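The shown structure was predicted, so the numbers you read here are calculated from the model rather than taken from an experiment.
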Amino acid sequence: FLEQAMPAMIEYGFPATVFITTGWLRDAGRWAAGIPPDRMLSWRELSEVSELGAEVGAHSHSHPQLDQISEANLLAELADSRQLLEDHLTLPITSLAYPYGYSSNRVREVSRHAGYTQAASVRNAAASGWNGCKFTTPGPGC
């Protein structure tokens, strides 16, 4: 992200949000949570991304399927991730991307309780094309 995507986004003036699984950061240390699937940013690199203008959002602490874990674990996944990001970056973290894109009413309610004001998910649908304002799925446009 820092080496390839961020320079292109700056060059073309695109906004960016990077969603972070805090337990997978390269130097997560005592907060490490499993083995990341690929090379990850470090805390220093994440600070640099933020300073370059990208929004930083949370993506949980260990990337579980949130709708499949207990309420206590769910709150810890969301609150711990947000707190670690805020502590390290000294910025408010209000955005969340649900791991795997899954959520439920319970997950959304706990997300609000953990302090997130917006969250991103996915919908299993094919994009039908660009209609001038967004990629659309079958149904009404914008």
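Between His61 and Trp31, the gap from one ring centroid to the other reaches at least 6.0 Å. In this structure, His63 has its ring center closer than 6.0 angstrom to the ring center of Tyr100.
Judged by distance alone, the side chain of Thr21 and the main-chain N or O of Trp24 form no donor-acceptor pair under 3.5 Å. In this structure, the side chain of Ser95 does not engage the main chain of Gly57 through any donor-acceptor pair within 3.5 Å. Checking side-chain atoms of His113 against main-chain N and O of Glu109 turns up no donor-acceptor pair under 3.5 Å.
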**Request:** List the steps and the verdict of salt bridge (Lys or Arg N to Asp or Glu O under 4.0 Å) for Arg82 and Glu77.
**Result:** CA-CA 9 Å; Arg82 182 170 177 250; Glu77 279 288 332; over 6 Å; no
**Request:** Apply side chain to side chain contact (heavy atoms under 4.5 Å, CB included) to Leu78 and Tyr116, showing your working.
**Result:** CA-CA 9 Å; Leu78 298 177; Tyr116 297 101; 3.9 Å; yes
**Message:** Before you tell me yes or no, could you show the steps for Arg108 and Tyr98 under side chain to side chain contact (heavy atoms under 4.5 Å, CB included), namely the whole-Å CA-CA distance, both residues' side-chain angles and the distance that decides it to 0.1 Å?
**Reply:** CA-CA 9 Å; Arg108 291 186 295 275; Tyr98 300 117; 3.2 Å; yes
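How far CG of Leu74 is from CD of Gln68: 11.5 Å, rounded to the nearest 0.5 Å. Note that CG of Leu84 and CH2 of Trp43 are 5.5 Å apart. Values are rounded to the nearest 0.5 Å. The structure places CG of Leu52 at 4.5 Å from CD1 of Ile10, a figure rounded to the nearest 0.5 Å. With values rounded to the nearest 0.5 angstrom, His59 atom NE2 is found 12.0 Å from Leu85 atom CG. We find the OG-CG distance between Ser111 and Leu66 to be 7.0 Å, quoted to the nearest 0.5 Å. Atoms CZ and CD, from Phe1 and Glu45 in turn, are 12.0 Å apart once rounded to the nearest 0.5 Å.
Pairing each heavy atom of Arg26 with each of Ser42, the nearest pair is NH2-N, 3.9 Å. For Met40 against Pro37, the heavy-atom pair with the smallest separation is CE-CD, 3.5 Å. The shortest non-hydrogen separation linking Leu75 to Ala114 is CD1-CB, 4.2 Å. In this structure, Thr17 and Glu55 approach most closely via the heavy-atom pair OG1-OE1, 2.7 Å. When every heavy atom of Val56 is checked against every heavy atom of Ser50, the shortest pair comes out as CG2-CB, 4.1 Å. Ser47 and Leu89 make their closest contact through OG-CD2, 3.5 Å (heavy atoms, listed as atom of the first residue, atom of the second, distance).
With sequence neighbours left out, the side-chain hydrogen bond (donor to acceptor under 3.5 Å, both in side chains) criterion links Arg106 to no other residue. Gln83 is linked by a side-chain hydrogen bond (donor to acceptor under 3.5 Å, both in side chains) to Asp87, counting only residues two or more places apart in sequence or in another chain. The side-chain hydrogen bond (donor to acceptor under 3.5 Å, both in side chains) check on Ser121 picks up nothing, with sequence neighbours excluded.
Side chains of Glu71 and Val110 form a contact here, defined as non-hydrogen atoms less than 4.5 Å apart. Using a 4.5 Å heavy-atom threshold, the side chains of Leu2 and Leu46 count as separate.
Checked by atom type, the side-chain pair Gln65/Asp67 shows a donor-acceptor distance below 3.5 Å.
Counted within 6.0 Å of CZ on Phe14, heavy atoms from surrounding residues, nucleotides or ligands total 12 or fewer; the atom is thus considered open.
The hydrophobic clustering, which links ILVMFWY residues whose side-chain heavy atoms are closer than 4.5 Å, places Val18 and Val122 apart. Criterion: ILVMFWY side-chain heavy atoms under 4.5 Å apart, direct or through other members. Under it, Leu96 and Ile69 are part of a common hydrophobic cluster.
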